[in-house]
Amino acid sequence: MSTYDRIYEIVRQIPVGQVATYGQVAELAGLFGKPRLVGYALYRVTSDADVPWQRVVNAKGEVSHSPQRQGTDYLQRDLLEAEGIVFSAAGKIDLRQYRWQPPLELVLKAEG
DNA sequence: TCCGTGACGCAAA
DNA sequence: CTTTGCGCCACGG
């Protein structure tokens, strides 16, 4: 069970139509204060990995862009809109509405 | 073993 | 609103 495996484990539990932030996923994976690791992990996700990577956005409710992604950022937005998530004119998601509330059991597990 | 490489978050100015 | 600076580290070659 590698660090990245723990991250993927959390992401797999985000329900359709909801999103989590990188920081949130990091905490639930027992990596408080290390949100970058989540980004690094998602960067390595492959299409056959069964991980809904599109449901992870940054703390501002935006899809994070990077030259390295080569268009998958637009794919991410498309996938989310297909799940019913609405983007503002500024390209942002209302986290108050769509943020995933993880089950208490998961939170307690993260706190160890 | 060493090193380059990154989808972030937050506070301050 | 924007720009800095810093924390932080697994993974592949």
Side-chain angles (χ1 to χ4, degrees):
Chain A
M1 195 62 159
S2 71
T3 297
Y4 284 4
D5 287 330
R6 291 211 303 279
I7 291 172
Y8 299 144
E9 189 74 8
I10 297 299
V11 176
R12 266 192 283 265
Q13 298 181 63
I14 305 174
V16 173
Q18 294 183 43
V19 299
T21 66
Y22 291 90
Q24 186 178 8
V25 172
E27 287 186 32
L28 293 172
L31 300 167
F32 182 83
K34 306 177 185 62
R36 300 194 69 166
L37 293 186
V38 177
Y40 305 154
L42 295 185
Y43 176 75
R44 290 176 161 77
V45 170
T46 53
S47 55
D48 60 306
D50 180 35
V51 175
W53 53 269
Q54 73 273 20
R55 298 184 194 136
V56 183
V57 299
N58 68 30
K60 293 176 297 199
E62 301 169 320
V63 169
S64 290
H65 291 79
S66 166
Q68 313 306 323
R69 294 188 62 177
Q70 304 192 328
T72 64
D73 41 9
Y74 290 103
L75 172 61
Q76 178 169 7
R77 174 167 173 158
D78 286 343
L79 290 172
L80 292 177
E81 290 181 325
E83 295 184 2
I85 292 176
V86 178
F87 284 73
S88 72
K92 299 211 290 189
I93 291 173
D94 182 359
L95 290 179
R96 290 177 309 177
Q97 183 178 356
Y98 299 112
R99 190 199 294 270
W100 173 44
Q101 307 292 349
L104 179 60
E105 179 185 322
L106 206 54
V107 177
L108 295 177
K109 185 179 176 183
E111 294 174 348

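So that the names make sense, note that chain A is the first sequence line, chain B the second, and so on, each numbered from 1. Values reported hereafter were calculated over all heavy atoms of this structure, with side chains retained and with hydrogens, waters and symmetry mates removed. What you see is a predicted model, and the numbers here were worked out from it, not measured in a lab.
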Among A:Ile14, A:Leu79, A:Val25, A:Val11, side-chain contact (heavy atoms from CB on, under 4.5 Å) partner for A:Arg55 | A:Ile14

Just how far, in rounded Å, is P of B:dC8 from CG of A:Leu28?
-> 18 Å

CD (A:Glu83) and CD (A:Gln54) are apart, to the nearest 0.5 Å, by 5.0 Å

Within 45° of the axis and under 6.0 Å from the centre of the six-membered ring of A:Phe87, does NZ or CZ of A:Arg77 qualify?
-> yes

Which parts of residues 67-86 of chain A get close to DNA chain B, meaning a heavy atom less than 4.0 angstrom away?
-> A:Gln68, A:Arg69, A:Thr72

Grab the N/O contacts between the protein and nucleotides 9-13 of chain C below 3.5 Å, and write none if there aren't any.
residue	atom	partner	partner atom	Å
C:dC11	OP1	A:Ser2	OG	3.4

Decide yes or no for A:Val63 and A:Tyr74: does some side-chain heavy atom of the first lie under 4.5 Å from some side-chain heavy atom of the second?
-> no

When you compare B:dT5 with C:dC8, how far apart are their P atoms, in angstrom units rounded to a whole number?
-> 22 Å

Close side-chain approach of A:Tyr8 and A:Arg44, heavy atoms under 4.5 Å = yes

Within one Ile-Leu-Val-Met-Phe-Trp-Tyr cluster: A:Trp53 and A:Tyr40, side-chain cutoff 4.5 Å | yes

What's the CZ-C1' distance between A:Phe32 and C:dG7, to the nearest Å?
-> 12 Å

Could you pull out the closest heavy-atom pair between A:Gln76 and A:Val57, with the gap in Å?
-> NE2-CG1, 4.1 Å

Over how many whole Å does the gap from A:Ile7 atom CD1 to B:dG6 atom C1' extend?
-> 13 Å

How many Å lie between CD on A:Glu62 and P on C:dT2, as a whole number?
-> 9 Å

Only pairs at least two apart or in different chains count here, so list each side chain to side chain donor-acceptor pair (under 3.5 Å) that has a residue in residues 101-112 of chain A.
-> none

